[in-house]
Protein chains: 2
Amino acid sequence: MTELRWKGAGAASQAARVQPAGELYDTLAELSNHMKAHFNRVAQPFGLPSPCAKAICLIEGSISMKELGARIHCDGSFVTSIADALEERGLVRRETDHEDRRIKNLVLTRKGAELRSRLMHELFDDLPGMRNLTESERDSFLALLRKMVDPQNE
Amino acid sequence: MTELRWKGAGAASQAARVQPAGELYDTLAELSNHMKAHFNRVAQPFGLPSPCAKAICLIEGSISMKELGARIHCDGSFVTSIADALEERGLVRRETDHEDRRIKNLVLTRKGAELRSRLMHELFDDLPGMRNLTESERDSFLALLRKMVDPQNE
DNA sequence: TATTGTTATACTCTATAACTATA
DNA sequence: TATAGTTATAGAGTATAACAATA
């Protein structure tokens with residue numbers, strides 16, 4: 001998501017309903033970029049390409065490759081390469097499922113579980129901007145975010 | 001920005017301060033993905049690669065290539081290829097700056113200005129989730145977003 | 001010498017198509 | 001026949017390095 005600098009545009013040239021949406025869009029984009037930068041900054045010292053770092057966050061206990069693809073919003077072929085990279089580094093094992101032998105479950109090794117735990121804590125321990133909000137503002141913010149993404153109301 | 005499915009993680013396994021941050025992060029990622037999908041859906045019929053569609057939103061009146069690179073958060077060499085693509089389609093002109101002849105300003109053609117205007121209105125006319133919030137909730141949401149990105153408090 | 005932009009090239013992320021093995 | 005995963009390949013998006021023109 002990229003800012004489109006609606007803010008920079010002259011207010012006079014914008015329709016009344018459209019302008020607030022632009023401001024909201026841009027500020028959201030800015031925050032989301034802060035988060036992305038934060039993720040990369042934190043993940044980099046762990047020496048993983050960022051798709052792998054994301055994947056390892058999503059593997060808890062055991063998860064099929066298909067399910068990982070669904071969570072990460074990507075094609076199965078890309079899951080294969082992520083799994084290869086994580087396996088090479090000794091962070092996950094592929095285990096053929098006992099009930100359906102087509103399925104391979106990704107299981108964190110001890111090393112992988114430890115890395116994941118450190119990564120997650122460093123990521124969420126001090127999220128950009130969180131300290132700018134009071135406890136109750138955080139609650140409101142999360143509630144509003146949830147309302148925004150709620151498919152019930154779309 | 002990608003969800004890390006903190007929601008799926010067992011609450012018991014997470015430190016008290018870390019978990020709300022994870023939920024906020026994931027919900028924000030979800031919203032930001034909705035926005036990105038919306039952008040691509042709206043921009044696609046215009047037949048521009050998405051970096052070009054973003055760029056055209058950022059060009060109002062006249063802007064140097066360097067400034068465009070700064071706004072789009074990318075390297076100058078990439079700005080060159082975006083400008084090439086936009087120029088080929090007759091959407092912008094390069095004009096050598098009168099005061100400093102190293103600088104090339106990108107200027108929207110009439111066709112470009114018209115495309116930009118249509119694109120922007122379609123983008124912001126019905127932003128995903130906006131209708132889920134009341135007028136005053138939108139104000140609060142924007143205010144909280146601004147607080148989150150405020151560098152003063154970081 | 002420093003800055004703006006360009007060219008050539010290479011890297012990262014990701015999808016498509018054809019395939020294997022199971023079901 | 002349909003599904004899970006793999007392989008080979010290709011494409012988009014983006015950066016790096018060396019360069020030209022101007023300051």
Side-chain angles (χ1 to χ4, degrees), chain A residues 1-3 29 33 36-37 39-40 43-44 46-59 62-89 92-107, chain B residues 1-3 29 32-33 36-37 39-41 43-44 46-59 62-89 92-107:
Chain A
M1 202 180 167
T2 308
E3 296 107 305
N33 287 338
K36 203 185 324 192
F39 182 91
N40 291 329
Q44 201 215 343
F46 290 86
L48 293 170
S50 86
C52 291
K54 283 169 191 169
I56 210 166
C57 292
L58 293 167
I59 303 172
S62 178
I63 180 182
S64 74
M65 314 230 347
K66 182 174 170 70
E67 172 63 18
L68 180 57
R71 290 193 186 175
I72 223 173
H73 306 301
C74 78
D75 187 83
S77 64
F78 190 46
V79 178
T80 297
S81 36
I82 290 172
D84 287 349
L86 292 175
E87 209 170 33
E88 270 169 29
R89 287 163 225 251
V92 306
R93 272 192 317 276
R94 279 168 163 102
E95 285 183 358
T96 299
D97 191 274
H98 289 302
E99 265 141 43
D100 183 340
R101 296 164 37 92
R102 292 173 300 182
I103 294 172
K104 290 182 192 163
N105 293 303
L106 299 175
V107 186
Chain B
M1 200 180 169
T2 310
E3 295 105 306
S32 139
N33 287 338
K36 205 183 330 193
F39 182 91
N40 291 328
R41 204 160 41 233
Q44 201 215 341
F46 290 86
L48 293 170
S50 85
C52 291
K54 283 170 192 169
I56 210 165
C57 292
L58 293 167
I59 302 173
S62 178
I63 181 182
S64 74
M65 314 228 349
K66 183 173 170 72
E67 173 63 18
L68 180 57
R71 289 193 186 174
I72 225 174
H73 306 301
C74 79
D75 187 81
S77 64
F78 190 48
V79 178
T80 295
S81 37
I82 290 172
D84 287 349
L86 292 176
E87 210 171 31
E88 270 169 29
R89 286 163 224 251
V92 306
R93 273 191 316 276
R94 279 166 163 105
E95 286 184 358
T96 300
D97 191 274
H98 290 303
E99 267 141 41
D100 183 340
R101 297 163 40 94
R102 290 173 301 184
I103 296 172
K104 290 183 191 162
N105 293 302
L106 299 174
V107 185

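The sequence lines fix the lettering, A, B, ..., with proteins before strands; numbering per chain opens at 1.
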Asker: Should A/K104 be listed as having a side-chain N or O under 4.0 Å from OP1 or OP2 of C/dA21?
Answerer: no
Asker: Tell me which of A/E99 and B/D84 sits closer to the 5' end of DNA chain C, going by the nucleotide each one is nearest to.
Answerer: B/D84
Asker: So which atom in A/T96 and which in A/R101 form the shortest heavy-atom distance, rounded to 0.1 Å?
Answerer: CG2-O, 3.6 Å
Asker: Starting at atom CD1 of A/I103, determine the distance to atom C1' of D/dT6, rounded to an integer number of angstrom.
Answerer: 16 Å
Asker: Where is the tightest heavy-atom contact between A/L86 and A/I56, given as atom of each residue plus distance?
Answerer: CD2-CD1, 4.5 Å
Asker: Whole angstrom is fine here: how far is it from CG in A/L68 over to P in D/dT6?
Answerer: 12 Å
Asker: If you look at every heavy atom in A/N105 and A/S62, which pair is closest and at what distance?
Answerer: CB-OG, 3.4 Å
Asker: Grab the CG-P distance between A/L86 and D/dT6 for me, whole Å please.
Answerer: 13 Å
Asker: Do side-chain atoms of B/R89 reach the backbone of B/G47 as a donor and acceptor pair under 3.5 angstrom?
Answerer: yes
Asker: Is it the case that the base of D/dT3 and the side chain of A/R102 share a donor-acceptor contact (distance under 3.5 Å, atom types as modelled)?
Answerer: yes
Asker: Return the value, rounded to whole Å, for the distance between atom CZ of B/R101 and atom C1' of D/dT22.
Answerer: 8 Å
Asker: Would you say a side-chain N or O of A/K66 is under 4.0 Å from OP1 or OP2 of D/dA4?
Answerer: yes
Asker: Just how far, in rounded Å, is C1' of D/dT14 from NZ of A/K36?
Answerer: 12 Å
Asker: Is it the case that over 12 heavy atoms from other parts of the model lie below 6.0 angstrom from the CD atom of A/Q44?
Answerer: no
Asker: Would you give a per-nucleotide map of nucleotides 8-15 of chain C, 5' to 3', where B means the base has a protein non-hydrogen atom under 4.0 Å away, S means only the sugar-phosphate does, and - means neither?
Answerer: -----SBB
Asker: Using whole Å, what does the distance between atom P of nucleotide D/dG13 and atom CE of A/M1 come to?
Answerer: 18 Å
Asker: Please state how far atom CZ in A/R94 lies from atom C1' in C/dA21, giving the value in whole angstrom units.
Answerer: 15 Å
Asker: Could you report the tightest heavy-atom contact between A/C74 and A/V79, atom names first, then the distance?
Answerer: SG-CG2, 3.8 Å
Asker: At 4.0 Å (heavy atoms only), tell me whether A/D97 reaches a base, stays on the sugar-phosphate, or touches nothing.
Answerer: nothing
Asker: Could you check whether any side-chain heavy atom of B/K36 comes within less than 4.5 Å of a side-chain heavy atom of B/M1, counting everything from C-beta outward?
Answerer: no
Asker: Could you give the CD-to-C1' distance, from A/E88 to D/dT6, as a whole number of Å?
Answerer: 15 Å
